[in-house]
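These numbers come from a predicted model, not from an experiment. What's counted below: heavy atoms across the whole structure, side chains too, no hydrogens, waters or symmetry copies.
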Amino acid sequence: MTQAQLIQQTLSTLVHFGVREVCIAAGARNAPLVAALLASNGLKVWNFFEERSAAFFALGRMMADRTPVAVVTTSGTAAAELLPATIEAFYQSLPLFLLTADRPKSYRGSGAPQAIEQFRLFGVYAQPLGDWDATDDPIEMYETRNDRPRHLNVCLDEPLETNAAGVDFSGAQMPQAEGAGSPLSLECDLVLASGMPPADAKEVAPLLAKLGVPIVAEATSNLHGFRDLQPLLIPGGERALQSARPTHVLRLGAVPSWRWWRDLEEQPKIRVTNLTRSTFSGLARKENVETLPWEATQSLQLSAAGNACGILRFEPELEKFAQSEPGWMRQLMKIIPAGSRVFLGNSLPIREMNLALQTTRPGVEFFANRGANGIDGLVSTFLGASATHRGESWLIVGDLSTLYDLAAPWIIAQMDHPKLRIVVINNGGGKIFSRVNNLRSLSEKALGVIENRHSLSFEPWAQMWGLEYVQTDDVHDLEDLLQVPIVIEIKPDPMQTEMFWRDWQKPVIRPR
């Protein structure tokens, strides 16, 4: 097989797996692949100067459109930069396609420049499709499942073929989901919902309305916009869950962020059924835990368990603490317009939004990276999720998470999207650690190191990328924003934040 034929086979493999978008981080070794991709039809190409942002952007594209996206890198440590996003895609069961160019196999183990052990580099987190070079015979591809990352390593020898023809991607077909399977009956007395794409939320909402049991839903469940569910949605999050005494919990979507969920590890008598697009239960215990594919919702017959779980409703008094971090979440949701896409950062922002959210305006959608729960790549993922959205797109993210992803705005120049709002909640470090019980015995010096305390401003970051910038302590400053990408820096009142949490975290006393 010639190098040109190898490149054709490689691109045909992308077509086979339904790829219609690629994120390219170009270099010399992958130049033949880049040239062929740019010469192809029916393919959207995004170009990046570094691989980490490219992979997280691809992750966001898949979260929004649920179709495979490929990331193309050159050789050496460039390939290693894909690992964080690959781990996240693995735990979200998203079909990230990793295409890495490599030096010839004879260079392995030599220490020659940009010659690392790339094949199987991603371990359990990506299915290895092949380690191809021009000496291999053509390979037939059969499997088309769309619930996992895949890695194809292509070895290219010099002279590099940079005039290979492209292929037609317009015929790429999205792999089909599995069928619904046999009818399934299920009883439960409490529903937990988190991390569902809007289409999944719309599918399951009528079932939940008919079921009629209490629902504790994170913002990312996308259930708060359904009127029929309003009487069933229990406010109060963690505090409300502390009052619950369920026998059978039905979890929908992603693994929840609540501490109460983690504590189910020590309550094996509580049965847990997971309905999710991933294969993960989110719990280490095996007793009384089952995980069903999302397709089971198509034939699911739900009924309420005999005894109510006794959960109580708790409404946070956020108006008293409007300048606190949770208070800001409530204020932001009052100005975010209908039809917006909202991406929530991990750590405190997602937990505080879960607490503050009551209802949403029509068409507001929530997303978050809750596969491995990391704070890296969040700005890039948000941009990927927003790339084709026509309404406003809002990112609500912490200061350290933003610092992790300073290169992300590179891609904005390639996006036809003026309505990007990047809200940085700058509380001067990782303040979530001050609320972790196990860390409260640390010295002030040690806690300062763990929190990574700082006094940085994000105005220079906005200037670097040519973005508008606003720093404010008044939510009314955010009304009628310019139709341009903008960084909004908010510094919550630390005293109000502390007062809110002291008031909110009072012990739950059940009525007699």
Query raised in the report: Under 3.5 Å, side chain of Glu392 to main-chain N/O of Ile336, donor-acceptor pair present?
Result: no
Requested in this report: Report the distance from atom OG1 of Thr388 to atom NZ of Lys44, rounding to the nearest 0.5 Å.
Outcome: 10.5 Å
Query raised in the report: Given the rule in the side chain to side chain donor-acceptor pair (under 3.5 Å) test, do Asn373 and Asn346 qualify, once you have shown the distances and angles that lead to the verdict?
Result: CA-CA 6 Å; Asn373 305 340; Asn346 286 327; 5.4 Å; no
Query - Flag side-chain contact, heavy atom, 4.5 Å: Val22 against Val71 - result: no
Query raised in the report: So does Phe280 have more than 12 non-hydrogen atoms from other groups sitting under 6.0 Å from CZ?
Result: yes
Query raised in the report: Taking 4.0 angstrom as the limit, do Arg370 and Glu88 come out as a salt bridge?
Result: no
Query - Basic-acidic side-chain contact under 4.0 Å: Glu21, Arg61 - result: yes
Query raised in the report: Atom CG of Leu383 and atom CG of Leu420: how far apart are they, to the nearest 0.5 Å?
Result: 6.0 Å
Report task. Could you check Leu192 against Leu252 for side chain to side chain contact (heavy atoms under 4.5 Å, CB included), going step by step and ending with a plain yes or no? Result -> CA-CA 6 Å; Leu192 302 183; Leu252 299 172; over 6 Å; no
Report task. Answer yes or no: is there an ion pair linking Arg271 with Glu290, defined by an N-O contact shorter than 4.0 Å? Result -> yes
**Report entry** Any donor-acceptor N or O pair under 3.5 Å, side chains Thr67, Asp65
**Finding:** no
Report task. Measure the shortest side-chain to side-chain distance between Phe382 and Val397 over non-hydrogen atoms and say whether it is less than 4.5 angstrom. Result -> no
Query raised in the report: When you check the gap from the basic side-chain N to the acidic O, do Glu50 and Arg52 get nearer than 4.0 Å?
Result: no
Query - Donor-acceptor pair, side chain of Asn288 and main chain of Ile270, under 3.5 angstrom - result: no
Query raised in the report: Is there a donor-acceptor contact under 3.5 Å from the side chain of Arg251 to the main chain of Trp261?
Result: no
**Report entry** Stepwise side chain to side chain donor-acceptor pair (under 3.5 Å) test for Ser257 and Glu218
**Finding:** CA-CA 8 Å; Ser257 64; Glu218 297 202 14; 2.9 Å; yes
Query raised in the report: Taking side chain as C-beta onward, heavy atoms only, is Cys23 less than 4.5 Å from Val69?
Result: yes
Requested in this report: Using the six-membered ring wherever Trp is involved, compare the ring planes of His151 and Phe119 and label them parallel, tilted or perpendicular (cut-offs 30° and 60°).
Outcome: tilted
Requested in this report: Mind telling me whether His417 and His389 have parallel, tilted or perpendicular rings, with 30° and 60° as the class edges?
Outcome: tilted
Query - Approximate separation, where rounding is to 0.5 Å, of Leu186 CG and Thr297 OG1 - result: 12.0 Å
Report task. For residues Phe343 and Trp394, establish whether the separation of their ring centroids is below 6.0 Å. Result -> no
Requested in this report: Look at atom CD of Gln483 and say whether more than 12 heavy atoms of other residues, nucleotides or ligands are closer to it than 6.0 Å.
Outcome: yes
Query raised in the report: Can Trp461 and Leu467 be said to form a side chain to side chain contact (heavy atoms under 4.5 Å, CB included), step by step?
Result: CA-CA 8 Å; Trp461 179 58; Leu467 308 178; 5.5 Å; no
Query raised in the report: Can you check side chain to side chain donor-acceptor pair (under 3.5 Å) on Glu81 and Thr73, steps first, answer last?
Result: CA-CA 9 Å; Glu81 295 289 342; Thr73 77; over 6 Å; no
Query - Centroid-centroid distance, Phe56 to Phe48, less than 6.0 Å - result: no
Query raised in the report: Hey, are the side chains of Leu283 and Arg262 touching, using non-hydrogen atoms and a 4.5 Å cut-off?
Result: no
Report task. Answer yes if the side chains of Asn274 and Thr291 hold a donor-acceptor pair under 3.5 Å, and no otherwise. Result -> yes
Query raised in the report: Hey, are Glu238 and Arg259 close enough for a salt bridge, meaning a charged N less than 4.0 Å from a carboxylate O?
Result: no
Query raised in the report: Salt bridge between Asp131 and Arg120, side-chain N to carboxylate O under 4.0 Å?
Result: no
Query raised in the report: Is the backbone of Arg108 close enough, under 3.5 Å, to the side chain of Glu117 for a donor and an acceptor to pair up by distance?
Result: no
Query raised in the report: Do Ser380 and Asp405 pass the side chain to side chain donor-acceptor pair (under 3.5 Å) test, and can you show the C-alpha distance, the side-chain angles, and the key distance before you say yes or no?
Result: CA-CA 7 Å; Ser380 294; Asp405 207 11; 3.0 Å; yes
Query raised in the report: Under 3.5 Å, is there a donor-acceptor pair linking the side chains of Glu365 and Ser340?
Result: no
Query raised in the report: Does Lys286 reach the main-chain N or O of Ala284 with its side chain, forming a donor-acceptor pair under 3.5 Å?
Result: yes
Query - Test side chain to side chain contact (heavy atoms under 4.5 Å, CB included) applied to Trp294 and Val204, step by step - result: CA-CA 10 Å; Trp294 183 259; Val204 80; 4.3 Å; yes
**Report entry** Atom CG of Asp416: over 12 foreign heavy atoms under 6.0 Å
**Finding:** no
**Report entry** No-hydrogen, no-angle side-chain donor-acceptor test under 3.5 Å, Asn427 and Glu325
**Finding:** yes
**Report entry** Lys/Arg N to Asp/Glu carboxylate O, Arg29 vs Glu158, below 4.0 Å
**Finding:** yes
Query raised in the report: More than 12 non-hydrogen atoms from neighbouring residues, nucleotides or ligands closer than 6.0 Å to CZ on Phe458, yes or no?
Result: yes
Query raised in the report: Between Thr86 and Leu96, is a side chain to side chain contact (heavy atoms under 4.5 Å, CB included) present by the stated rule, with each step listed?
Result: CA-CA 7 Å; Thr86 302; Leu96 181 63; 3.9 Å; yes
Query raised in the report: Do the side chains of Leu38 and Val34 get nearer than 4.5 Å, heavy atoms only?
Result: yes
Query raised in the report: Between Thr381 and Phe367, is any pair of side-chain heavy atoms under 4.5 Å apart?
Result: no
Report task. Look only at the side chain of Glu451 and the backbone of Gly448, and say whether a donor-acceptor pair between them is shorter than 3.5 Å. Result -> no
Query raised in the report: Are Asp102 and Asn153 linked by a side-chain donor-acceptor pair shorter than 3.5 Å?
Result: yes
Requested in this report: Mark yes or no for whether Asp133, through its side chain, and Asp157, through its backbone, hold a donor-acceptor pair below 3.5 Å.
Outcome: no
Query raised in the report: Where the side chain of Asn222 meets the backbone of Ala201, is there a donor-acceptor pair that is under 3.5 Å apart?
Result: no
Query raised in the report: Sub-3.5 Å donor-acceptor pair from the side chain of Arg341 to the main-chain atoms of Ala385, do we have one?
Result: yes
Query raised in the report: So, the side chain of Ser12 versus the backbone of Gln8: is there a donor-acceptor pair under 3.5 Å, distance only?
Result: yes
Query raised in the report: Do the ring planes of Trp410 and Trp465 sit parallel (below 30°), tilted (30 to 60°) or perpendicular (above 60°)?
Result: perpendicular
Query raised in the report: Quick one: are Met1 and Thr135 in side-chain contact, heavy atoms under 4.5 Å?
Result: no
**Report entry** Under-4.0 Å salt bridge between Glu295 and Arg277
**Finding:** yes
Report task. Kindly give the heavy-atom pair with the smallest separation between Arg103 and Pro113, and that separation in Å. Result -> NH1-O, 2.9 Å
Requested in this report: Scan side-chain atoms only and decide if Tyr469 and Gln463 contain a donor-acceptor pair under the 3.5 Å cut-off.
Outcome: no
Report task. Using the six-membered ring wherever Trp is involved, compare the ring planes of Phe90 and Tyr125 and label them parallel, tilted or perpendicular (cut-offs 30° and 60°). Result -> perpendicular
Query raised in the report: Do Glu287 and Arg285 pass the salt bridge (Lys or Arg N to Asp or Glu O under 4.0 Å) test, and can you show the C-alpha distance, the side-chain angles, and the key distance before you say yes or no?
Result: CA-CA 6 Å; Glu287 183 180 356; Arg285 71 171 166 98; over 6 Å; no
**Report entry** Closest heavy-atom pair and its distance - Leu160, Ala28
**Finding:** CD1-O, 3.3 Å
Requested in this report: Side-chain contact test, heavy atoms from C-beta onward, threshold under 4.5 Å: evaluate it for Ile490 versus Asn426 and give yes or no.
Outcome: no
